[in-house]
Amino acid sequence: MAWLSEADVEQLVLARLSALGYAVLSDAEIGPDGKTPEREAYSDTLLFKRLTAAIEKLNPSIPLEARGDALRKILATEYTALPQENQRLHRMMVEGGDVECCSDDGTIRGDKVRLIDFDDIAANDWVATSQFTVIEGAVERRPDIVLFVNGLPLGVIELKAPGAENATISGAWNQLQTYKTQIASLFRTNAVLVVSDGITARVGSLTADQERFMPWRTTDGEVIVAKGQEELTTLIDGVFERRRFLDLIRNFTVFNETSSGLAKIIAGYHQFHAVRQAVKQTITASEPQGDKRIGVIWHTQGSGKSLLMAFYAGQLIRDPAMKNPTIVVITDRNDLDEQLFTTFSMCRDLIRQTPIKAESREDLRSALSRASGGVVFTTIQKFSPIAGESAYPMLSDRRNIIVIADEAHRSQYGFRAKVEQETGEITYGFAKYLRDALPNASFIGFTGTPIETSDVNTPAIFGKYIDVYDISRAVEDGATVPIYYESRLARIELPDAEKPKIDAEIEVLTEDEATTEQERIKRKWATVEALVGAKKRLAMVAEDLVRHFEERIEALDGKAMLVCMSRRICIALYDQIIALRPDWHSDDDAAGKIKVVM
């Protein structure tokens, strides 16, 4: 494609959009000076007649005056900051615009004015324009392609000629940043931005930096375009197919307040298709004849599993087949519980409610006593019998309860009985107690590292793999950085007097053991921790790490992260490192080259 001009690439994209059901029009036709003008001035960024016609068509029972109120709310800018204005109008597009109407009996009632029909795509007006000229103040800009739904500009595509000097993805992204500053009105209702050099293509949100503009490598979630293949056609078909596009806007877009301001987040292709498939599997598994095992979503660390879970929960809650389900989110650590809870709270518009935390069994019972609905967070340790009990009581026998297990490769086993040798007490793992409490619930597991062995098997517990997004594909997409392994051994040396004290077989430590078993493990842990954190060994490790890091940054700038076995070892290793490099230390949290984080 090196011989193609930018105009050729533009025509190829417009042809694809036409095949997807968009009416393709040029600004020479519908611009203020065109043959059939649809704008009065170049400062207008909405197709006003199409918008008013759509509002009338989609809201026949809403009085004319109320429809006019909704239109005025769209036309008027309420926030000077573009992200906040975009969030306001996104909510209006997804939920409808709030208006007040006068009923026949004279009372005032509240209602919603729909701007988009998310169920019947044919009820909407779909337009793709080329060279859409916008003038704000003394600045004139002309984005390559703008996509309108019911007169609202929802997509902007910026193209560069393949192979041309300085015609790059970066150049296209920089052009969009210029547009956002100089013709901001075009982006008030924007849903997605696309940049492409004709071969490589990336999609991102209004606030995404260049690193967060990602490929879209599939149209159906099954066939993934190989890295190095032409990406633009797949992205256009994958994102802008009309039903997928509306789904992306309504169910896969969230806003988040960050330290640098309001951020708009849209799902990646792996999240989008994993959720769609998971919802289908959930409906099947939770039916009366279903086996209650939804499956496993295996997405590598750092690929956005927390958001994926929130998108999934939002889809389930909206799906009428689930009859307003209760979502129970299970983690095995308090810090993970807090992290996920924060993500879901950010996505409260998607899940249509505020999630709650269950801090005790009583909280759990109260939260699950409702007839339907609710998003409940808790840790799996809550599902353990109290002293004197041999079984965990049932909390709810409803079938429309969905249990989301985070890090499903851990803590989700233990169906077989264990006998405590000293007391003869029979105990089980958390997995059995959890299912005793919720006997008719369906379970889905999310993990970055599934386990498949004879006695510990993630798919055996949760069902078959629903979607796999492994480290190799995440690296290809730029979602995570590549990992290179280099073996470095620091021997553990035991004095002869200590050797008899060490248990010959140190078992794999699992987190679903009974309390007495945990105590035994703690004693073994303390012994091993003392050996690993011996002063002589840490001095050797520190010397090797410092030498390796300094040699590395001579060739490639970067950072280093050290992960230790315990807090004590973290501090001891820190002391060994600053003994070698005193200038790396500082009492000021904002200064120094090395810090301990716990």
Side-chain angles (χ1 to χ4, degrees), residues 6-7 9-11 13-14 17 22-54 71-90 92-93 115-116 125-161 167 171-196 203-208 213 240 245 249 264:
E6 186 176 315
V9 177
E10 183 179 300
Q11 289 306 309
V13 173
L14 291 171
L17 292 169
Y22 293 76
V24 175
L25 303 170
S26 70
D27 204 46
E29 297 173 277
I30 64 172
D33 299 323
K35 300 174 183 176
T36 54
E38 296 195 23
R39 295 187 290 159
E40 291 184 0
Y42 285 109
S43 58
D44 296 336
T45 54
L46 306 176
L47 302 183
F48 185 78
K49 291 181 180 178
R50 293 178 186 268
L51 177 57
T52 53
L71 185 59
R72 282 187 286 275
K73 288 181 180 180
I74 299 169
L75 297 176
T77 299
E78 292 189 13
Y79 296 95
T80 55
L82 183 56
Q84 280 75 11
E85 179 70 359
N86 185 264
Q87 182 183 34
R88 177 184 76 88
L89 291 171
H90 172 83
M92 195 171 176
M93 289 187 293
L115 306 183
I116 297 173
D125 180 70
W126 301 83
V127 171
T129 67
S130 60
Q131 301 301 310
F132 189 77
T133 303
V134 179
I135 299 177
E136 283 191 14
V139 176
E140 176 180 333
R141 294 295 177 190
R142 190 177 293 112
D144 291 325
I145 298 174
V146 179
L147 284 78
F148 292 84
V149 179
N150 296 339
L152 300 169
L154 301 188
V156 176
I157 302 173
E158 188 65 18
L159 303 167
K160 297 297 179 184
W173 183 84
N174 288 328
Q175 191 72 51
L176 287 178
Q177 308 319 299
T178 300
Y179 292 160
K180 287 193 298 182
T181 301
Q182 297 182 344
I183 52 171
S185 61
L186 179 64
F187 298 90
R188 292 172 62 239
T189 59
N190 180 262
V192 296
L193 302 172
V194 172
V195 293
S196 177
V203 60
S205 75
L206 179 72
T207 63
F213 268 63
F240 294 113
F245 189 35
I249 293 170
K264 185 176 187 177

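As the structure is a prediction and not an experimental result, all values here were calculated from the model. Note that these values count all heavy atoms, side chains included, but never hydrogens, waters or copies made by symmetry.
- Between the side chain of Gln84 and the backbone N or O of Thr80, no donor-acceptor pair lies under 3.5 Å.
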task = Given side-chain contact (heavy atoms from CB on, under 4.5 Å), test Leu17 with Trp126 step by step and report yes or no.
result = CA-CA 10 Å; Leu17 292 169; Trp126 301 83; over 6 Å; no

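- Note that the CZ atom of Arg88 and the CE atom of Met93 stand 10.5 Å from one another [nearest 0.5 Å].
- A distance of 11.5 Å separates CD1 of Ile135 from OG of Ser185, quoted to the nearest 0.5 Å.
- Side-chain atoms of Asn86 and Tyr79 form no donor-acceptor pair, as typed in the model, at a separation below 3.5 Å.
- Nearest approach of Pro83 to Leu206, heavy atoms of both residues: CA-CD2, 4.3 Å.
- Shown are Leu47, Val127, Leu14; of these, the side-chain contact (heavy atoms from CB on, under 4.5 Å) with Leu25 is made only by Val127.
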request  = Would you check, one step at a time, whether the test side-chain contact (heavy atoms from CB on, under 4.5 Å) holds for Asp33 with Tyr42?
outcome  = CA-CA 9 Å; Asp33 299 323; Tyr42 285 109; 2.9 Å; yes

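- Side chain of Thr129 to main chain of Asp27: no donor-acceptor pair is present (N/O by atom type, distance under 3.5 Å, no hydrogens or angles).
- Closest approach of Ala184 and Leu82 over heavy atoms only: O-CD1, 3.7 Å.
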Review item, side-chain donor-acceptor pairs of residues 142-154, under 3.5 Å, at least two apart:
residue : atom : partner : partner atom : Å
Arg142  : NE   : Thr133  : OG1          : 3.0
Arg142  : NH2  : Glu140  : OE2          : 2.9
Asp144  : OD1  : Gln131  : NE2          : 3.3
Asp144  : OD2  : Leu159  : N            : 2.7
Asn150  : OD1  : Asp125  : N            : 2.7
Asn150  : ND2  : Leu115  : O            : 2.8
Asn150  : ND2  : Asn124  : OD1          : 3.0

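- Annotation: the span from Leu176 atom CG to Trp173 atom CH2 amounts to 9.0 Å, rounded to 0.5 Å.
- By the 4.5 Å heavy-atom criterion applied to side chains, Phe240 and Val192 are counted as neighbours.
- Taking both residues in full, the closest heavy atoms of Phe187 and Ile183 are given as CD1-O, 3.6 Å, listed atom of the first, atom of the second, then distance.
- To the nearest 0.5 Å, atom CZ of residue Arg50 and atom CD of residue Glu38 are 4.0 Å apart.
- Contact detail for Gly31 and Arg39: the closest heavy-atom pair is CA-NH2, 4.3 Å.
- Scanning both residues, Phe213 and Ala208, for their nearest heavy atoms gives CE1-O, 3.6 Å.
- Rounded to the nearest 0.5 angstrom, Ile116 CD1 and Phe245 CZ are separated by 8.5 Å.
- Rounding to the nearest 0.5 angstrom, the gap separating the CG atom in Leu46 from the CG atom in Leu71 is 8.5 Å.
- The minimum heavy-atom distance linking Leu186 with Glu136 is given by the pair N-OE2, 4.5 Å.
- For Arg141, the salt bridge (charged side-chain N to carboxylate O under 4.0 Å, His left out) criterion is met by no residue, not counting sequence neighbours.
- For the side-chain contact (heavy atoms from CB on, under 4.5 Å) with Ile157, the qualifying choice from Leu193, Val203, Val194 is Val194, the only one to do so.
- Side chains of Pro37 and Pro32 form no contact here, defined as non-hydrogen atoms less than 4.5 Å apart.
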